[in-house]
Amino acid sequence: MGLADLGRIDDVIHGRLRLGIMVYLVDADTADFTELKNALEATQGNLSVHLKKLEEAGYVAIAKSFKDNKPLTRVTITAAGRKAFGTYLDAIAGLIGGKS
C-alpha cells in the first residue's frame, strides 16, 4: 500500500469544501443548502459550485422545491457518493498506514 494509494484519491472529493460536504452528508444523509452553508462557513456561490461538481459526479442529488413560498434546496448523498467516500477514506488510510 502506501504511495500506491495516492492514485486512489478521488479529486472530486479531495477539495476542502467538497470533503466537508461529504463528511457532513455521510452523517446527516440529507441537508438543506443553508444548513451546509452555515456548517461549512462557505459563501453561497462557492458552495453552489462545489455542490454542482459533486452532483455531476453522481455523489449527491439536489432537489429544489419551495417551503412557505421560499426556495428550498435539499442535498442528499447518493449510494455512489457513499461508496466513493468509503473508497476515498480507504485510500487515505492506506497512505497514512503505509508511512513508517
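For clarity, every value in this text was computed on a predicted model and none was experimentally measured.
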Using every non-hydrogen atom in the two residues, find where [X] and [Y] come nearest and quote the distance to one decimal.
X: F66; Y: P71; value: CD2-N, 3.6 Å
X: L36; Y: A31; value: CG-CB, 3.9 Å
X: T78; Y: G58; value: OG1-O, 2.5 Å

Linking I/L/V/M/F/W/Y whenever their side-chain heavy atoms sit closer than 4.5 Å, directly or via other members, would [X] and [Y] fall into one cluster?
X: F85; Y: I62; answer: yes
X: V23; Y: V26; answer: yes
X: L19; Y: I96; answer: yes

Roughly how far, to the nearest 0.5 Å, is [atom2] of [Y] from [atom1] of [X]?
X: T34; Y: Q44; atom1: OG1; atom2: CD; result: 7.5 Å
X: K37; Y: D32; atom1: NZ; atom2: CG; result: 11.0 Å
X: M22; Y: H50; atom1: CE; atom2: NE2; result: 14.0 Å
X: I13; Y: L89; atom1: CD1; atom2: CG; result: 8.0 Å

Any I9 side-chain heavy atom under 4.5 Å of L95 side chain:
yes
Does any non-hydrogen side-chain atom of I21 lie less than 4.5 Å from one of L47?
yes
Given side chain to side chain contact (heavy atoms under 4.5 Å, CB included), test T73 with L51 step by step and report yes or no.
CA-CA 11 Å; T73 300; L51 285 174; 5.7 Å; no
Exactly one candidate in T76, T30, L25 meets side-chain contact (heavy atoms from CB on, under 4.5 Å) with V60; the answer is L25
Please test D29 against R82 for salt bridge (charged side-chain N to carboxylate O under 4.0 Å, His left out), starting from the C-alpha separation and ending with a verdict.
CA-CA 10 Å; D29 193 49; R82 282 192 184 281; 3.1 Å; yes
Side chain to side chain contact (heavy atoms under 4.5 Å, CB included) between Y88 and D11, intermediate numbers included
CA-CA 9 Å; Y88 175 85; D11 289 335; over 6 Å; no
R18 (side chain) donor-acceptor with V12 (main chain) under 3.5 angstrom
yes
Residues D10 and H14: side-chain donor-acceptor under 3.5 angstrom
no
